[in-house]
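Working notes, beginning with the structure itself.
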Amino acid sequence: MSEDRETSHEMTHRDIALLLADAADEVEIGIAPYQQVVRGGRRRRARRYLVATAVAVVIAGSTGTLALAGGFGGDGGRVATTANRPPTAEQRHVYAPQRTTLAYGTDHGKEWRVTIDVWGTARNDVEAQGQLEALGEFGNRGESGAKTASDLIGRHLFFVHLILGDEQWTKTWGEFTKGDTDSGTDLQSVALPLQSNKTATDDSDQRLVIGRVARTAHQVTCTWKDGTSQTAPLAPRNRGFTRDFQPYIRPAGGSPSNWFVCLAPEGKTYEKTEVTK
């Protein structure tokens, strides 16, 4: 470029077009090209004013890319991004629950498992209708107590299942309510036979204990009627399952409380449970 073109204030339209093209070639259009713009400006100090104007035009043409990248404005303010959108009903588990395995073992050669399904809260009639249909598909519409879809709005439901081999039964259910969070030594539990609904009777030993406790609880003790007991400590992080049952307190996806499972030896039955740490 000639010296006259650098200093003259009477530039032609063609000169300006060349400058714009030159600036555009040195700017990398993509996700938030701020560093490229800064470096380009430093390389062209002798023609700072015109090139800065050209770069501004280039950036203005790519504002859509900048906004999606979530860059920062000159005043430090965050540009709105798609990541800031509120979670969808699917992401909140309104139409499919979060399932967590709480315990696993074998009994008389048959595998058994205790799981919990936690459903997200429906916020309006549309979400509630979809959740009502999904609960039916999961076999829990009756336990939900919902006669119509609107009965589900604002409710945070859970269902605990016992799985024996290829069969599954819902053993306890309920909902988490605001302001009703477990704390301290709070404990809720249910004792039941480690049997299918088909074979369990009123005289069956209540060997299996399932319960919920505050997240601050570090140990639960289950006591059997003969005076013996079993302790369930807080499970180490990422503790998996073995073929032999091990009692632990575990978190469950979507649940504000932790959960525990105890199992008495065959021939013994439930007496009481309590938080002991």
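- Between Ser229 and Thr223, the side chains place no donor N or O within less than 3.5 Å of an acceptor N or O (distance only, hydrogens not considered).
- At distances below 3.5 Å, not a single donor-acceptor pair connects side-chain atoms of Trp112 with backbone N or O atoms of Ile163.
- Of the N and O atoms on the side chains of His161 and Thr115, not one donor lies less than 3.5 Å from an acceptor on the other residue.
- Under 4.0 Å is where a charged nitrogen must lie from a carboxylate oxygen, and between Glu271 and Lys225 no such pair does.
- Minimum heavy-atom separation, Phe260 to Cys262: CD1-SG, 4.2 Å.
- In this structure, the side chains of Leu152 and Leu157 come closer than 4.5 Å at one or more pairs of heavy atoms.
- Judged by distance alone, with hydrogens and angles left aside, the side-chain atoms of Arg212 form no donor-acceptor pair with the main-chain N or O of Leu187 at under 3.5 Å.
- Not less than 6.0 angstrom separates the ring centroid of Tyr95 from the ring centroid of Trp119.
- Side-chain N or O atoms of Arg215 include one that pairs as donor or acceptor with a backbone N or O of Pro256 at under 3.5 Å.
- The side-chain heavy atoms of Val261 and Leu208, taken from C-beta on, include a pair separated by under 4.5 Å.
- To the nearest 0.5 angstrom, Thr231 atom OG1 is 14.0 Å from His218 atom NE2.
- A continuous path of hydrophobic side-chain contacts links Val114 to Val190 [ILVMFWY only; heavy atoms under 4.5 Å].
- Heavy-atom minimum distance, Ala122 versus Gln131: CB-OE1, 4.1 Å.
- When atom types are taken as modelled, the side chain of Thr273 and the backbone of Cys222 share no donor-acceptor pair closer than 3.5 angstrom.
- Here the closest non-hydrogen pair linking Ala146 and Leu132 is CB-CD1, 4.0 Å.
- Closest approach of Val209 and Ser189 over heavy atoms only: CG1-CB, 4.2 Å.
- Connection of Val213 to Tyr270 is established within a shared hydrophobic cluster, with ILVMFWY side chains joined at heavy-atom distances below 4.5 Å, either directly or through further cluster members.
- Side-chain atoms of Asp203 and Thr201 include no donor-acceptor pair closer than 3.5 Å.
- For the residue pair Thr269 / Gln206, no side-chain donor-acceptor distance below 3.5 Å is found, with atom types taken as modelled.
- In this structure, a donor-acceptor pair under 3.5 Å is absent between the side chains of Glu111 and Thr106.
- Here Asn258 contributes atom CG and Leu102 contributes atom CG; the two are 10.0 Å apart, rounded to the nearest 0.5 Å.
- Rounding to the nearest 0.5 angstrom, the gap separating the CD1 atom in Ile116 from the CD1 atom in Ile210 is 9.5 Å.
- Between Pro193 and Ser204 the shortest heavy-atom distance is CG-CB, 3.6 Å.
- Aromatic ring centres of Trp259 and Phe158 lie closer together than 6.0 Å.
- For the pair Glu133 and Arg141, the salt-bridge criterion is not met [side-chain N within less than 4.0 Å of a carboxylate O].
- Atom-to-atom distance recorded for Glu127:CD and Glu90:CD is 8.5 Å, nearest 0.5 angstrom.
- Under the 4.5 Å side-chain heavy-atom criterion for grouping Ile, Leu, Val, Met, Phe, Trp and Tyr, Trp173 is connected to Phe138 within one hydrophobic cluster.
- Under a 3.5 Å cut-off, the side chain of Arg155 and the backbone N or O of Ser144 do form a donor-acceptor pair.
- Summarising the geometry, atom OH belonging to Tyr248 is positioned 12.0 Å from atom CD belonging to Gln219; distances are rounded to the nearest 0.5 Å.
- Val220 and Phe245 fall into different hydrophobic clusters, where Ile, Leu, Val, Met, Phe, Trp and Tyr residues are linked whenever their side-chain heavy atoms come under 4.5 Å apart, directly or through other members.
- Hydrophobic cluster membership is shared by Trp169 and Leu263, with clusters built from Ile, Leu, Val, Met, Phe, Trp and Tyr side chains linked at under 4.5 angstrom.
- The two residues Ala128 and Ile153 come nearest to each other via the heavy atoms CB-CG1, 3.8 Å.
- A cation-pi arrangement is present between Arg250 and Phe241, with the terminal nitrogen or guanidinium carbon under 6.0 Å from the aromatic centre and inside a 45° cone about the axis.
- Judged by distance alone, with hydrogens and angles left aside, the side-chain atoms of His156 form no donor-acceptor pair with the main-chain N or O of Gly154 at under 3.5 Å.
- Looking at Asp205 and Lys268, no side-chain N of the basic residue comes within less than 4.0 Å of a carboxylate O on the acidic one, giving no salt bridge.
- To the nearest 0.5 angstrom, Phe159 atom CZ is 11.5 Å from Gln168 atom CD.
- There is a side-chain donor-acceptor pair under 3.5 Å between Asn140 and Thr170.
- No side-chain donor-acceptor contact under 3.5 Å links Ser255 and Ser257.
- A donor-acceptor pair shorter than 3.5 Å cannot be found between the side chains of Gln246 and Tyr104.
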Review point. Going through the distances and angles, do Arg207 and Asp107 end up as a salt bridge (Lys or Arg N to Asp or Glu O under 4.0 Å)?
Key: CA-CA 12 Å; Arg207 300 172 54 205; Asp107 188 68; 3.6 Å; yes

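- Panel note: side chain Gln129, backbone Asp125; no donor-acceptor pair is recorded below 3.5 Å.
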